[in-house]
Engineer: 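Submitted below is the structure of interest, expressed as structure tokens.
As the structure lists them, so they are numbered: ligands from 1, and atoms in each ligand from 1.
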Amino acid sequence: MIRPIQSTRVRDYRETDYAECEQLVSDAWQFEQHFQPAALYQLARHVYTYGSVVGSNFKQVVEQNGQVVGFLFGRNEKRPLEQGCLKLLRFNLWVLKRLFGLKGMTFKQKFAFLKKLNQHEIARHKIEKRGASEINLLVIHPSLQKQGFGQQLVQRFIKDCRSSRVPRIIVEANVVQASGFYKKLGFTLLAEFDSPLHQIASKDTPKAALYEYRL
Ligand SMILES: CC(C)(COP(=O)(O)OP(=O)(O)OC[C@H]1O[C@@H](n2cnc3c(N)ncnc32)[C@H](O)[C@@H]1OP(=O)(O)O)[C@@H](O)C(=O)NCCC(=O)NCCS
């Protein structure tokens, strides 16, 4: 049998990659199972993915046979955000407008969702304020996991931060899902915290954790 040639490479993110990145996020965390109604699921996956795009200035993807199969979006604090902080602010306002315009949810349900976002942010702020260099989002397609691509992307981000004299990189992860991966790469635990958002996405493991990597 002739096996197809797999051509895999890591390259910079392009705007046309967005839909594939959003699909990878949705598949990795099964958003459609955790967020109801469907309109909230679509909004949640967009907030998670596009929010990371506008909040990142290091964006690389793993491409296999022309398809995006993994990516890392990170923020290097020593470089400005390409799209500017104003874009991030405008995006947050757009999210609020979309959330309160959603059909199939009562005002109380929408407010409760917003409260969860806020509780997550408050718990996180007690450990670490926003602004440090951070891995915002990292996903590798399940069929290509454990082949070194996640590590390769993190090492490229570390290299980028090191060349800008960034002192440390942080990452937020679910305690069960990716902790082992970050520890293996030399990240150490800063602290764990209870997160209602992690509880939605992963009912058995409501604990989130912040890790740091010293450069
Ligand atoms: C976490 C994730 C990005 C890891 O990517 P990956 O390409 O599978 O990881 P790598 O193959 O580069 O792994 C590097 C090392 O970490 C280990 N590792 C990978 N995932 C691990 C895990 N969940 N627990 C423990 N060790 C893990 C690998 O075995 C490898 O060790 P080795 O060098 O001794 O062989 C990937 O599993 C993923 O996309 N998961 C779903 C989304 C997610 O949780 N993202 C992180 C949130 S920020």
Engineer: Identify every side-chain donor-acceptor pair in residues 105-119 under 3.5 Å, counting partners at least two apart or on other chains, and give the distances.
Structural biologist:
from	atom 1	to	atom 2	distance (Å)
Thr106	OG1	Gln109	N	3.1
Thr106	OG1	Gln109	OE1	3.4
Gln109	OE1	Thr106	N	2.8
Lys110	NZ	Phe100	O	3.1
Lys110	NZ	Leu102	O	2.7

Engineer: With a cut-off of 4.0 Å, which atoms of ligand 1 are near a heavy atom of Gln177?
Structural biologist: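 Answer for ligand 1: 23 (N).
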Engineer: Which protein non-hydrogen atom lies closest to atom 9 (O) of ligand 1, naming both residue and atom, and how far is it?
Structural biologist: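 Going by distance alone, atom 9 (O) of ligand 1 is nearest to Phe181 CE1, 3.4 Å.
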Engineer: Which option, Asn174, Leu153, Leu138, Leu24, owns the non-hydrogen atom nearest atom 3 (C) of ligand 1?
Structural biologist: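 Checking each option, the heavy atom nearest atom 3 (C) of ligand 1 is found in Leu138.
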Engineer: Give every residue pair that meets the ring pair (Phe, Tyr, Trp, His ring centres under 6.0 Å) criterion with at least one member in residues 125-159, sequence neighbours excluded.
Structural biologist: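 The answer is Phe58-Phe157.
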Engineer: Taking 4.0 Å as the limit for heavy-atom contacts, which would you say applies to Gln147 with ligand 1: side chain only, backbone only, both, or neither?
Structural biologist: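 It is the backbone that gets close, since no side chain atom is under 4.0 Å.
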Engineer: Is there a side-chain contact between Trp94 and Arg90 (heavy atoms, below 4.5 Å)?
Structural biologist: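 In short, these two side chains do not touch, never coming nearer than 4.5 Å.
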Engineer: Quick one: does any side-chain atom of Asn136 pair with a main-chain N or O of Gly55 as donor and acceptor, under 3.5 Å?
Structural biologist: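 Present.
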Engineer: Tell me whether ligand 1 is touched by Ala173 - counting only heavy atoms on the residue side and a distance under 4.0 Å.
Structural biologist: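 Outside the 4.0 Å threshold, so no.
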Engineer: I'd like to check whether Trp29 has a polar contact with ligand 1, where a contact means an N/O of the residue lying under 3.5 Å from an N/O of the ligand.
Structural biologist: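 No, there is no polar N/O contact under 3.5 Å.
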Engineer: Identify the closest protein heavy atom to atom 34 (O) of ligand 1: which residue and atom is it, and at what distance?
Structural biologist: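 Atom 34 (O) of ligand 1 sits closest to the protein heavy atom Lys184 NZ, 2.9 Å.
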Engineer: Among all the protein's non-hydrogen atoms, which is closest to atom 39 (O) of ligand 1, and how far away is it?
Structural biologist: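 The answer is Ile140 N, 2.8 Å.
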Engineer: Report yes or no: does a heavy atom of Tyr211 sit under 4.0 Å from some atom of ligand 1?
Structural biologist: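 No, Tyr211 has no heavy atom closer than 4.0 Å to ligand 1.
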Engineer: So do the side chains of Phe31 and Glu22 get within less than 4.5 Å of each other, counting heavy atoms only?
Structural biologist: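 Result no, sub-4.5 Å side-chain heavy-atom pair not found.
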Engineer: Can you find a side-chain donor-acceptor pair between Tyr211 and Ser179 that sits under 3.5 Å?
Structural biologist: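 On atom types as modelled, these side chains qualify, holding a pair under 3.5 Å.
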Engineer: Show, in sequence, the C-alpha distance, side-chain angles and deciding distance for Leu72 and Gln60, and conclude whether the side chain to side chain contact (heavy atoms under 4.5 Å, CB included) test is met.
Structural biologist: CA-CA 6 Å; Leu72 185 152; Gln60 293 205 331; 5.6 Å; no
Engineer: Is there a path of hydrophobic side-chain contacts, each under 4.5 Å between heavy atoms of I, L, V, M, F, W or Y residues, that connects Tyr50 with Leu40?
Structural biologist: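 Both belong to a single hydrophobic cluster.
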Engineer: Considering heavy atoms of the protein only, find what lies nearest to atom 48 (S) of ligand 1 and give residue, atom and distance to 0.1 Å.
Structural biologist: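 The closest heavy atom on the protein side is Tyr182 OH, 3.3 Å.
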Engineer: Does His46 reach the side chain of Phe91, with side-chain heavy atoms less than 4.5 Å apart?
Structural biologist: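 In contact.
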Engineer: Can you list the steps and then say if Arg124 with Arg130 is a side chain to side chain contact (heavy atoms under 4.5 Å, CB included)?
Structural biologist: CA-CA 9 Å; Arg124 213 195 111 122; Arg130 295 267 177 195; 3.4 Å; yes
Engineer: Which ligand 1 atoms, with their elements, are less than 4.0 angstrom from a heavy-atom of Gly150?
Structural biologist: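 Close to Gly150: 5 (O), 6 (P), 7 (O), 12 (O).
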Engineer: Numbering the atoms of ligand 1 from 1, which are under 4.0 Å from a heavy atom of Phe149?
Structural biologist: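 Atoms satisfying the 4.0 Å criterion: 7 (O), 12 (O).
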Engineer: Side chain or backbone of Phe73 under 4.0 Å from ligand 1, or both, or neither, by non-hydrogen atoms?
Structural biologist: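 None of Phe73 does.
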Engineer: If the cut-off is 4.0 Å to any non-hydrogen atom of Val139, which atoms of ligand 1 fall inside it?
Structural biologist: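 Numbered from 1, ligand 1 contributes 39 (O).
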Engineer: Is the closest protein non-hydrogen atom to atom 29 (O) of ligand 1 under 4.0 Å?
Structural biologist: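 Under the 4.0 Å cut-off, atom 29 (O) of ligand 1 does have protein heavy-atom neighbours.
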Engineer: Please report which non-hydrogen protein atom sits nearest to atom 8 (O) of ligand 1, along with the residue it belongs to and the distance in Å to one decimal place.
Structural biologist: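 The closest one turns out to be Lys146 N, 2.7 Å.
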Engineer: Relative to atom 33 (O) of ligand 1, which among Gln145, Gln155, Gln151 owns the nearest non-hydrogen atom?
Structural biologist: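 Minimum heavy-atom distance to atom 33 (O) of ligand 1 goes to Gln151.
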Engineer: Relative to atom 10 (P) of ligand 1, which among Gly180, Ala178, Gly148 owns the nearest non-hydrogen atom?
Structural biologist: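 Looking at heavy atoms only, Gly148 sits closest to atom 10 (P) of ligand 1.
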Engineer: Write down the atom of Glu20, the atom of Gln67, and the distance for their closest heavy-atom approach.
Structural biologist: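 Heavy atoms of Glu20 and Gln67 come nearest at OE2-CG, 3.1 Å.
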Engineer: Could you tell me whether the side chain of Val68 reaches within less than 4.5 Å of the side chain of Cys21, counting heavy atoms only?
Structural biologist: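 Yes, at least one pair of side-chain atoms sits under 4.5 Å.
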Engineer: Within the protein, is there a heavy atom lying under 4.0 Å from atom 21 (C) of ligand 1?
Structural biologist: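 Given the 4.0 Å limit, the answer for atom 21 (C) of ligand 1 is yes, a protein heavy atom qualifies.
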